[in-house]
There are 2 protein chains.
Amino acid sequence: MSASKRDQLVQRALTVFYRDGFHATGMDKIAAETGVSKTAIYKHFRTKDDLIHAVLRLRDEQFRNWLYRRMEELGDTPKERLLVAFDALAEWFEEDGFQGCMFIKAASEYQDREHPLHATAAEHKRLITAHFEGLAIRAGAKSPGTLARRLTLLKEGAIVAAHILGPKGVAADAKAAAAVLIEHGIGEEGQN
Amino acid sequence: MSASKRDQLVQRALTVFYRDGFHATGMDKIAAETGVSKTAIYKHFRTKDDLIHAVLRLRDEQFRNWLYRRMEELGDTPKERLLVAFDALAEWFEEDGFQGCMFIKAASEYQDREHPLHATAAEHKRLITAHFEGLAIRAGAKSPGTLARRLTLLKEGAIVAAHILGPKGVAADAKAAAAVLIEHGIGEEGQN
DNA sequence: ACTTATGAAAACCGATCAGTAAATGTACCT
DNA sequence: AGGTACATTTACTGATCGGTTTTCATAAGT
């Protein structure tokens, strides 16, 4: 199997796992829906968990690339970019097939914090918070780490709320709350 | 089986499902760990989903009772009580066996919003937000619904963060953010 | 003592689980 | 054409899934 075929497998497995969940999706379904036989899958991934791990790494890369790029496109200054993160989330929430955050679900199904898949989910969250913190620093926040963590809380809460209750208005609520926290953490004249 | 035996079954099933997840827990394990034979279980619950539904209803009742009581005990005024909700969360996060929010996990494993278990999870979240809103009204918030929804976002985000990254400092971050949002939404002199 | 309910336990059902081994193509080399 | 190496499919493993049927133990009624 070529490298691109492998990538295709992981990409398609991502779609299935995201749609149906991890434990609820058997390897037979993965084989059927990706068009790759089980034997071929197990040639590249020792176990189901290994495949899921590859899926999560791909998702991490895709999601963060998308979010960071969208934040750059929608905002001009670090401060603005922190705020428009919630506009990007709004776009995501409204997408067809939005089913919440894959990492929250992974952590929910693999609860033990020692579990490698849980750890991968945790790393994803840490990376996003770190990105926020970088922007908070450049925005002149008094306590960049604090502001970044607060915005992360709003982001996670918004994802959960959008998934459980539906997307309507959630991102807007979160953005408005974020604006308050950002003003409080930077002041009207953050040095962009 | 007496009513109290049934309650005991649901209570013990709750513990197992909360610890190990829904799909990952088979009915044989439930029978073994509750001490109630599968036959006896299926006399009272038509399906596994029915049992889980009973578990979620019990959890909803227990959790909200606990949270509301703790908010009353820790705060004297409506405004204070909104804030100390995050102290109550801190206590929960530090408990042995804390594994995140059962309803977030239920919604993660039963993703379709039409699914009855997902709907039960959604109702739980709505009830808590409604409780917040009642307090926000009595605290004299300018827009009680908005404030309640914002605090809910922080709460959900804090639960997710505490579960994925560990409890350390999460509730304190959320409380500090909540304080900012509450001050902004009420003003220094909310009429308690 | 013998029958008849009752309720729980044990055994079982087909389906599916993660994972593997054997069988079958298929492409390439000489 | 014949042989070799590799990829793919088919078929299978024992275990477990949610759920049901059968067996058994107990106890009350007569």
Side-chain angles (χ1 to χ4, degrees), chain A residues 1-57 105-106 108-112 115-118 120, chain B residues 1-57 102 105-106 108-112 114-118 120:
Chain A
M1 186 189 290
S2 65
S4 76
K5 269 235 152 194
R6 188 192 133 116
D7 291 348
Q8 205 175 71
L9 161 64
V10 176
Q11 175 62 58
R12 289 181 180 168
L14 193 162
T15 302
V16 181
F17 281 128
Y18 181 64
R19 176 183 8 105
D20 297 341
F22 299 103
H23 282 101
T25 302
M27 291 301 280
D28 289 296
K29 196 199 295 187
I30 293 290
E33 297 224 20
T34 60
V36 180
S37 74
K38 268 211 293 183
T39 320
I41 295 174
Y42 277 100
K43 191 142 284 177
H44 289 275
F45 301 99
R46 218 172 44 80
T47 64
K48 180 185 183 183
D49 276 13
D50 277 7
L51 172 60
I52 295 177
H53 201 226
V55 164
L56 290 185
R57 274 187 272 108
K105 298 198 290 192
S108 290
E109 294 204 41
Y110 305 93
Q111 311 194 59
D112 190 349
H115 194 294
L117 295 179
H118 190 113
T120 300
Chain B
M1 187 190 289
S2 66
S4 77
K5 268 235 153 196
R6 188 191 134 115
D7 291 349
Q8 205 175 70
L9 162 63
V10 176
Q11 176 63 58
R12 289 181 181 169
L14 192 162
T15 303
V16 181
F17 280 127
Y18 181 64
R19 185 197 344 119
D20 296 341
F22 298 104
H23 283 100
T25 302
M27 291 301 280
D28 289 297
K29 196 200 294 189
I30 292 291
E33 297 224 21
T34 60
V36 180
S37 73
K38 268 212 292 183
T39 324
I41 294 174
Y42 277 99
K43 190 142 283 176
H44 289 274
F45 300 99
R46 219 171 43 81
T47 64
K48 180 186 183 183
D49 277 12
D50 277 7
L51 172 60
I52 295 177
H53 201 229
V55 164
L56 289 184
R57 275 188 271 107
M102 189 151 205
K105 298 198 290 191
S108 290
E109 294 204 40
Y110 305 94
Q111 311 193 61
D112 190 350
E114 316 295 311
H115 195 294
L117 295 178
H118 190 114
T120 301

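Reminder, nothing fancy here: chain letters follow the sequence lines and each chain counts from 1.
In this structure, the CD1 atom of A:Ile41 is 14 Å from the C1' atom of C:dC17, given to the nearest Å. Straight-line distance from the CZ atom of B:Phe22 to the C1' atom of D:dC17: 17 Å, rounded to whole Å. Per the geometry, NZ belonging to B:Lys29 stands 15 Å off C1' belonging to D:dG18, to the nearest Å. When the P atom of C:dA11 is taken as reference, atom CG of B:Asp28 falls 13 Å away, rounded to whole Å. In this structure, A:Met27 atom CE and C:dT16 atom C1' are separated by 14 Å, rounded to whole Å. Per the geometry, CZ belonging to B:Phe17 stands 11 Å off P belonging to D:dC17, to the nearest Å.
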Next on the checklist: What verdict does the side chain to side chain contact (heavy atoms under 4.5 Å, CB included) test give for B:His23 and B:Tyr110, after you've listed the backbone C-alpha separation in whole Å, the side-chain angles of each residue and the deciding distance to 0.1 Å?
Outcome noted: CA-CA 10 Å; B:His23 283 100; B:Tyr110 305 94; 3.8 Å; yes
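One cannot find a donor-acceptor pair under 3.5 Å joining the base of D:dA7 and the side-chain atoms of A:Ser37. Residue A:Lys38 places a side-chain atom within donor-acceptor reach of the base of C:dG19, judged by atom type and a 3.5 Å distance cut-off alone.
Of the two residues contacting DNA chain C, namely A:Ala24 and A:Thr39, the nearest-nucleotide position lying further toward the 5' end is that of A:Ala24.
Judged by distance alone, the side chain of A:Lys105 and the main-chain N or O of A:Gly21 form no donor-acceptor pair under 3.5 Å.
Out of C:dA18, D:dT8, D:dT20, the shortest distance to the side chain of B:Tyr42 is found at D:dT20.
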